[in-house]
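Here's the structure we're looking at; comments come further down.
Each ligand, and each atom within it, is numbered from 1 in the order the structure gives.
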Amino acid sequence: MDNNATTPLAPEVFEAMKPYLVEDYGNASSIHWFGQRAKNAVDKARQQVAKLLNARPSEVIFTSGGTESDNAAIFGIVQASRVANPHLITTGIEHHAVLNTAQELEKRGASVTYVPVGSAGVIDPEEVRRSIRPETVLISIMHANNEIGAIQPLEEIGIIARERDIYFHTDAVQSVGKIPVDVEKLGVDLLSLSAHKLNGPKGVGAMYIRRGSILRPLLYGGHHERDRRPGTENVPGIVGLGMAAELAAAHLQEYGHGVAALRDRLEQGILEKVSAVSVNGDPARRLPNTCNLSFDCVEGEGFVIAMDLRGIACSTGAACSSGSVEPSHVLSAIGLTPAQARASIRLSLGRYSTAEDIDATLATLPAVVERLRAVSPRWGARG
Ligand code: PLP
């Protein structure tokens with residue numbers, strides 16, 4: 001129940017990777033036969049990823065994951081701009097890979113506008129238009145949110161960015177493999193994705209960079225990846241990402257329908273069996289696998305531990321930092337109070353989720369909520 005955190009490796013992905021961990025261990029930059037076998041495998045993966053995104057293979061660069069792709073896109077565009085005081089537009093509900101990058105840029109003299117979201121967790125494209133300044137060099141807006149699954153109106157924002165000739169980046173780490181992601185339709189110039197969110201291996205990702213985009217690289221070294229990202233290629237990881245992308249493209253529709261039906265059954269079941277619970281975000285505009293709920297008078301951390309003890313992994317809407325539980329910035333941004341945010345749980349399904357998983361969760365969760373409420377003074381005070 002925690003597939004937005006990470007997903008299991010697909011067996012087909014593991015099989016595809018194996019030879020490159022053992023016998024085909026060549027360096028993709030070597031000119032001999034070993035190297036060329038590795039290079040061919042990397043090229044194939046580039047085509048597989050490009051196809052999933054409707055991009056050209058030459059526009060796909062492999063990285064170490066979503067965090068690196070986000071950093072490389074944002075620092076890359078802002079630092080390559082010739083503007084003295086560059087301005088960036090993003091949102092308050094981005095993943096920390098974007099938020100902390102934006103904050104670092106602020107320390108270095110850039111200015112950043114964090115466009116607000118409504119209670120659905122969706123931004124208004126007109127807010128983006130209004131935030132544009134002469135010195136705006138980049139708009140970076142996530143495709144789907146990792147906590148509540150809210151899907152952003154990227155097509156409309158893409159049109160605005162193009163009209164004003166501003167680079168447009170999206171963190172699509174949570175959407176790739178779950179919903180259609182077409183860089184032409186969305187009108188993005190840069191996109192970040194991560195293999196481990198779509199049944200691929202951890203520590204490998206990719207960046208889509210529209211042909212002609214001018215970025216300063218994050219790292220300096222050899223001439224790998226068209227001088228965009230130096231370092232010996234992680235061939236098994238890249239092969240795994242390629243196969244994960246091919247599987248995602250082949251099963252996208254079936255995944256969407258199947259996982260949404262299971263998620264809806266889970267959510268309905270919880271709403272029927274548990275009182276004083278509300279759904280966070282817009283139920284009609286979210287990823288098919290994600291469900292974020294607030295249970296009155298339940299501490300999310302206690303809930304996660306109690307569920308874990310019963311064999312079910314889920315997560316809270318809160319991030320634990322230096323011993324104190326800060327309410328999630330996403331849930332705060334959509335208007336939840338700190339208490340409501342701390343009472344929130346994220347359940348996220350995946351390709352291998354089954355009806356039995358849903359039944360097991362529905363058999364366990366109501367009793368866990370009841371036990372936690374039984375010891376809650378606030379629940380008691382409600383009478
Ligand atoms: N962006 C989003 C929306 C994410 O959900 C995540 C991972 O949780 C990341 C970026 C970071 O990706 P990675 O784990 O590959 O660094």
Side-chain angles (χ1 to χ4, degrees), residues 1-9 13 45 49 52-53 60-76 90-104 114 117 121-123 140-152 154 169-179 181 186 188 190-208 218-219 229 231 234 237-238 240-242 244-245 248 280-281 286-292 313-321 328-331 333-334 346-350:
M1 291 293 136
D2 200 14
N3 281 269
N4 283 7
T6 198
T7 57
L9 203 65
V13 169
V49 173
L52 179 64
L53 304 177
V60 174
I61 298 300
F62 293 110
T63 67
S64 67
T67 301
E68 183 189 327
S69 296
D70 285 340
N71 273 259
I74 298 171
F75 279 126
T90 186
T91 76
I93 61 162
E94 299 295 316
H95 188 272
H96 283 112
V98 169
L99 277 185
N100 288 345
T101 304
Q103 280 166 20
E104 178 57 28
Y114 300 89
V117 293
V122 178
I123 63 164
S140 178
I141 290 173
M142 71 193 326
H143 192 193
N145 182 263
N146 43 308
E147 291 189 32
I148 57 175
I151 299 171
Q152 303 302 330
L154 295 194
H169 165 249
T170 189
D171 173 342
V173 168
Q174 289 292 347
S175 59
V176 170
K178 295 179 186 153
I179 56 173
V181 177
L186 298 177
V188 294
L190 303 120
L191 177 146
S192 307
L193 65 90
S194 178
H196 74 102
K197 307 288 186 181
L198 56 144
N199 305 102
K202 291 167 184 59
V204 59
M207 251 174 114
Y208 157 76
L218 204 56
L219 304 173
R229 202 277 189 179
N234 169 7
I238 290 170
L241 169 55
N280 294 318
R286 59 180 169 163
L287 290 172
N289 76 319
T290 306
C291 157
N292 193 304
C314 56
S315 82
T316 60
C320 210
S321 59
S328 138
H329 66 285
V330 175
L331 299 177
I334 64 169
R346 179 186 72 188
L347 301 165
S348 50
L349 282 60

From Glu147 atom CD to Ser315 atom OG, the distance as rounded to the nearest 0.5 Å | 7.5 Å
State, with a plain yes or no, whether a side-chain heavy atom of Val176 is found less than 4.5 Å away from one of Lys197.
-> no
Atom pair CG/SG of Leu347 and Cys291 - distance to nearest 0.5 Å = 5.0 Å
Testing Ile148, Ile179, Asn145 for side-chain contact (heavy atoms from CB on, under 4.5 Å) with Leu287, which one passes?
-> Ile179
List, ordered by chain and residue number, the protein residues whose closest non-hydrogen atom lies under 4.0 Å from any atom of ligand 1.
-> Gly65, Gly66, Thr67, Asp70, His95, Met142, Asn146, Asp171, Val173, Gln174, Ser194, His196, Lys197
Taking Val330 as the fixed residue, which of Val117, Ile93, Thr91 is the one that meets the side-chain contact (heavy atoms from CB on, under 4.5 Å) rule?
-> Ile93
Between CG of Leu186 and NE2 of His143, what distance do you get to the nearest 0.5 Å?
-> 5.0 Å
